[in-house]
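Notes follow once the structure below has been shown.
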Amino acid sequence: MTSTSAPTRQAPVRLTQYAHGGGCACKIPPGELEEVVAGLTAAPLAGGDTPLLVGLATGDDAAVVTHRGTALVCTADFFTPVVDDPYDWGRIAAANALSDVYAMGGRPVLAVNLLGWPRDRLPFDLAREVLRGGLDIATEAGCHVGGGHSVDDPEPKYGMAVTGLADPGRLLRNDAGRPGLPLSLTKPLGVGVLNNRHKATGERFEQAVATMTALNRDAAEAALAAGAACATDVTGFGFLGHLHKLARASGVTAVVDTAAVPYLEGAREAVRDGYVSGGTRRNLEWVAPHTDFGDTDEDTRLLLADAQTSGGLLVAGEVPGAPVVGELVPRGTHSIVLRRRGCGAGR
């Protein structure tokens, strides 16, 4: 007798299950990384006509050289899957890589793909979707994609190496903060805990995908138009980690109004339910000696340290449409002070 049962449908591939971590939460912890790269600075090149303007010294978002009056901004970023959908992962990874150029005040002009793929475990049609997502975001940014490099890798990884152009006199640097400047944050926090929940449960969070795939182009242009000279983007080291690096490089203290910091819908619930990555906890451990937490509760501390992927810009200055979340003040005992509005800044 002929069977009339429906054919079995193959379950969709969950890319996040092929990685030990996800997104920028996979970054090497900031303290360990700083120890590794300490002292790895080259002497000025003899006869070089492209002087290094921004390098390792302050841990900025990208390297910058100048050539014939133009700043060349160079960066690379890649990571394991942060979402299960391959096209969305490609879009997120590309937006994240391009963000480093925007965080320096530049305009990305050329990118090359960086792809690691477990060719014996995952079909290449998924890799094609990843690359298609990256190409679409780069096209949206007006940035060429000129090929790239791939390797057979036990874990899937994707990102881009990006080159951009900028005015060397109008860079956004993390060492240019000054007392009296407000702090603006152009995207809400919380994608890390939502991505961790997605990996554990398969739940899809459209609000997280939307913010991760949004380019920081408009925010960078608005910051430059407002006269800002200091900024960084908020990615794997979390809001507190990147703010600590900015305050340390600028020789100031950052006072944060915790009540003014925006979060994605569902982020607090994700923390409450325990979807906190190891990267987030390492971020909090790293910044703790440099932070006056005041009476900030543990869940808020974790959200402020949440390892972001393709987060927004943190700008020393007012950016139209972005909330002001604090201010820079003269350097005190700590590089960061957390207070609720009306509780007094203190240092």
Side-chain angles (χ1 to χ4, degrees), residues 11-33 77-97 99 116 122 130 133 154-159 185 187-214 233-243 261-288 296-312:
V13 174
R14 293 205 58 209
L15 285 174
T16 57
Q17 305 308 298
Y18 287 81
H20 74 284
C24 290
C26 286
K27 277 189 174 182
I28 294 174
E32 294 180 23
L33 183 61
D77 211 312
F78 62 95
F79 46 68
T80 55
V82 69
V83 293
D84 289 326
D85 185 278
Y87 178 72
D88 282 346
W89 174 33
R91 296 164 65 215
I92 291 165
N96 183 76
S99 179
L122 288 173
V130 175
E155 280 189 318
K157 300 179 179 71
Y158 175 64
L185 181 63
K187 286 186 184 181
L189 305 180
V191 296
V193 289
L194 291 178
N195 288 341
N196 214 33
R197 186 165 203 153
H198 170 69
K199 179 179 180 180
T201 68
E203 297 175 77
R204 181 177 169 89
F205 298 98
E206 297 294 346
Q207 68 274 32
V209 173
T211 193
M212 288 186 289
T213 55
D233 64 348
V234 180
T235 54
F237 299 152
F239 172 81
L240 291 181
H242 290 283
L243 180 56
V261 178
Y263 301 102
L264 288 169
E265 179 185 355
R268 281 200 174 273
E269 290 78 5
V271 172
R272 178 200 63 198
D273 295 341
Y275 296 102
V276 178
S277 70
T280 290
R281 296 189 185 280
R282 289 189 293 270
N283 288 342
L284 188 57
E285 181 182 3
W286 181 58
V287 299
T296 306
D297 63 85
E298 182 67 13
D299 283 2
T300 300
R301 296 183 190 193
L302 287 167
L303 281 169
L304 291 171
D306 188 37
Q308 304 297 280
T309 297
S310 192

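Note that the numbering runs from 1 along the sequence shown for the chain. These figures come from a predicted structure and were not determined experimentally.
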Between P86 and Y158, is any pair of side-chain heavy atoms under 4.5 Å apart?
no
Quick one, V271 and E298 - any side-chain contact, counting heavy atoms below 4.5 Å?
no
Polar side chain donor-acceptor pair, T300 to R268, under 3.5 angstrom:
yes
Above 12 or not: heavy atoms from other molecules or residues under 6.0 Å from CD of E265?
no
Check whether any side-chain heavy atom of Q207 lies under 4.5 Å from a side-chain heavy atom of L194, and answer yes or no.
yes
Distance, nearest 0.5 Å, that separates CD of E269 from CG of D299
10.0 Å
What verdict does the side chain to side chain donor-acceptor pair (under 3.5 Å) test give for S277 and N196, after you've listed the backbone C-alpha separation in whole Å, the side-chain angles of each residue and the deciding distance to 0.1 Å?
CA-CA 7 Å; S277 70; N196 214 33; 5.4 Å; no
Between T201 and Y275, is there a side-chain heavy-atom distance shorter than 4.5 Å?
yes
For N96 and T309, which I'm curious about, is there any donor-acceptor pair between the side chains at under 3.5 Å?
no
What do the steps show when you test F239 against D306 for side chain to side chain contact (heavy atoms under 4.5 Å, CB included), and what is the final call?
CA-CA 7 Å; F239 172 81; D306 188 37; over 6 Å; no
How far does CZ of F237 sit from CZ of R282, to the nearest 0.5 angstrom?
10.5 Å
To the nearest 0.5 Å, what is the distance between CG on L304 and OG1 on T296?
7.0 Å
Between N283 and T280, a side-chain donor and acceptor under 3.5 Å
no
Ion pair D88/R204, N-O distance below 4.0 Å:
yes
Closest approach of S99 and G311, non-hydrogen atoms and distance?
OG-O, 4.3 Å
Rounded distance (nearest 0.5 Å) linking atom CZ of R197 with atom CZ of F205
5.5 Å
Between V13 and Y18, is there a side-chain heavy-atom distance shorter than 4.5 Å?
yes
Close side-chain approach of F79 and I92, heavy atoms under 4.5 Å
yes
Which atoms form the tightest heavy-atom contact between A19 and P81, and what is the distance?
CB-CD, 3.8 Å
Could you check whether H242 and T235, counting side-chain N and O atoms only, form a donor-acceptor pair closer than 3.5 Å?
yes
Heavy-atom check, side chain of Q308 versus side chain of K187, under 4.5 Å
no
Let me confirm one number: the NZ-OG1 distance from K199 to T16, rounded to the nearest 0.5 Å.
6.5 Å
Count the heavy atoms of every other residue, nucleotide or ligand shown that sit under 6.0 Å from CD of E285, and state whether that count exceeds 12.
no
Kindly compute the distance separating CG (L302) from CG (L189), expressed to the nearest 0.5 Å.
12.5 Å
Considering only heavy atoms from C-beta outward, does the side chain of L15 approach that of L122 to under 4.5 Å?
yes
Shortest non-hydrogen contact from V82 toward H198
O-CD2, 3.9 Å
